[in-house]
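Proteins get letters first, then strands, A, B, ... in listed order; numbering begins at 1 in each. Keep in mind that the numbers below use all heavy atoms, side chains included, and drop hydrogens, waters and symmetry copies.
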Amino acid sequence: MSNPNFSYEVTHVCKQSGARLGVLHTPHGDIQTPIYMPVGTSACVKAMTSREMEEIGTQILLSNTYHLHLRPGEELIREAGGLHQFMDWHKPILTDSGGFQVFSLAGIRKIKEEGVTFQSHLDGSRKFISPEVSMDIQQALGSDIAMAFDVCSPYPCDYKTAKESMERTHRWAARCKEHHSREDQALFGIVQGAFYEDLRIESAKTLADMDFIGYGIGGLSVGEPKPVMYEMLDKIRPFMPENKPRYLMGVGSPDCLIEGVLRGVDMFDCVLATRIARNGSVFTSKGRVVIKNGKYSHDFGPLDEACDCYACTHFSRAYIRHLFNAKEITGGRLASIHNLRFLLHMMEEIRQAIAEDRLLDYRDEFYARYDLTKNF
RNA sequence: UUGGAAGUAGCUCAAUUGGCAGAGCACCGGAUUGUGGCUCCGGCGGUUGGCAGUUCAAAUCUGCUCUUCCAAC
């Protein structure tokens, strides 16, 4: 598929690691890859304003088809002038298809070849999403990148189920592509295949032949050990198109970002940063810190010495801990600002390291200072 | 001073006829990966104000005592 609104170019390959630097052009601007994409499920990165997201260096945001379909509804967002206008975010937006909710909301859904019947978690009403419905919703939302409606299999998963889910994902990918028509919106296919090497490779090849603008790698980070996820990335890497962006869906702990980039991943998204922030945990260059812990009550230093975010340049650990203890919502806001900035800053460093052909050195430096015993 | 009420975990309170003294909050810790999560899980914490007595058994019944609150004076 050629689309003048979207193109991806690899600008440099790290001589030391083979990791790549690139640029993805979209109607709302260029995205320097590799990149971490903050998640704003319901047209909002929880606790954050669009202005703050811009201030911390966000290049592209994620939002969610399933959640926006239920509330406020895509027609309202279309009426508002589209998702960018609605949330006053004028850089690129990627929308997830709702496929993951089929997985994460298991128990209140029925999957058939035609599509999936959900029971709304908001009011219990029955809802139906198919590949076509997902495309219609995402086109109404007007995101820059739409994701194909896929079937995410769990971990562990038997071979037969994994194969069936993968094959249905491929059929649905074809239906998504057939139904999708917005020229100013890119459609990404999603590789599935659970934790079976042959299925993963088959999925990567099948989707590559379908010529999507970019590719999601789905069904990972669903409870498996990290080495298992890394192995899957290694296996499929040779079969992922070189000239297309690769998006590892749902991954975003600091160590996973580095390991993913080393395995050729260009894009990541993850709710981890904002979720743990609201519950009082922050990333630091030395490892995770649970800021609510009593030992920080008299710590007047910043969350992270090396961070340039608003929280770290203005407030102490003791103050932010106090805000959490007092249940002041600003505690979660400051921690969110910090955690998002931490990951965005880390990706800036990774891009710099690739440009300077020293990503393996960067990885070693990271592990030397980062305490993995308290990681995710 | 007199009369009344009440004393149980750091706080607010439960505990059937006398039968293993609990909860919420607080405090401490853990979890969280394409967000049903300002959420969830766990832990610490007690001579039941004190001293005697009755009883197989007392937070509970009796006596004395201390403290607090209320009302009169």
Using the P atom on both, measure B:rU54 against B:rU47 and round to a whole Å. 25 Å

For atom [atom1] of [X] and atom [atom2] of [N], their distance in whole Å:
X	N	atom1	atom2	result
A:Tyr155	B:rG34	OH	P	18 Å
A:Glu224	B:rG34	CD	C1'	13 Å
A:Leu340	B:rU35	CG	P	14 Å
A:Tyr296	B:rG29	OH	P	9 Å
A:Leu220	B:rG34	CG	P	12 Å
A:Leu187	B:rG34	CG	P	21 Å
A:Asn339	B:rU33	CG	C1'	13 Å
A:Ile276	B:rG30	CD1	P	13 Å

So [X], base contact, sugar-phosphate only, or nothing? Heavy-atom distance under 4.0 Å.
X	result
A:Gly252	base
A:Gly331	nothing
A:Thr274	base
A:Leu62	sugar-phosphate

Which residues pass the side-chain contact (heavy atoms from CB on, under 4.5 Å) test with A:Gln85, sequence neighbours left out? A:His90

Which residues share a side chain to side chain donor-acceptor pair (under 3.5 Å) with A:Asn325, sequence neighbours left out: none

Please enumerate all residues that pass side chain to side chain donor-acceptor pair (under 3.5 Å) together with A:Gln138, with sequence neighbours excluded. A:Thr95, A:Ser134

Can you list, by residue number, the residues of [range] that have a non-hydrogen atom closer than 4.0 angstrom to RNA chain B?
range	result
residues 126-151 of chain A	A:Asp150
residues 256-269 of chain A	A:Asp269
residues 70-77 of chain A	none

Can you check whether A:Asn293 has a side-chain N or O nearer than 4.0 Å to OP1 or OP2 of B:rG30? yes

What distance separates A:Ser165 OG from A:Leu199 CG, expressed to the nearest 0.5 Å? 10.0 Å

Contacts of A:Trp89 that satisfy ring pair (Phe, Tyr, Trp, His ring centres under 6.0 Å) - sequence neighbours left out: none

Can you name the residues that form a ring pair (Phe, Tyr, Trp, His ring centres under 6.0 Å) with A:Tyr296, not counting sequence neighbours? none

Dot-bracket for RNA chain B: what is it, with Watson-Crick or G-U pairs under 3.5 Å, [ ] where a pair crosses earlier ones, and | for a pair to another strand? (((((((..((((.....[..)))).(((((.......))))).....(((((..]....)))))))))))).

Listed pairs under 3.5 Å, donor-acceptor, residues 37-49 of chain A side chains, sequence neighbours left out:
from    : atom 1 : to      : atom 2 : distance (Å)
A:Thr49 : OG1    : A:Glu52 : N      : 3.2
A:Thr49 : OG1    : A:Glu52 : OE1    : 3.2

Any heavy-atom pair between the side chains of A:Asn3 and A:Glu183 that's under 4.5 Å? yes

Per-nucleotide protein contact string for nucleotides 36-45 of chain B (B base, S sugar-phosphate only, - none; heavy atom under 4.0 Å): BBSB------

Can a donor-acceptor pair be found between the side chains of A:His121 and A:Tyr66 at a distance below 3.5 Å? yes

Cut-off 3.5 Å, no hydrogens considered: what does the side-chain donor-acceptor table look like for residues 187-197 of chain A, sequence neighbours left out?
from     : atom 1 : to       : atom 2 : distance (Å)
A:Gln192 : NE2    : A:Asp150 : OD2    : 2.7
A:Tyr196 : OH     : A:Cys157 : O      : 2.5
A:Tyr196 : OH     : A:Tyr159 : N      : 3.3

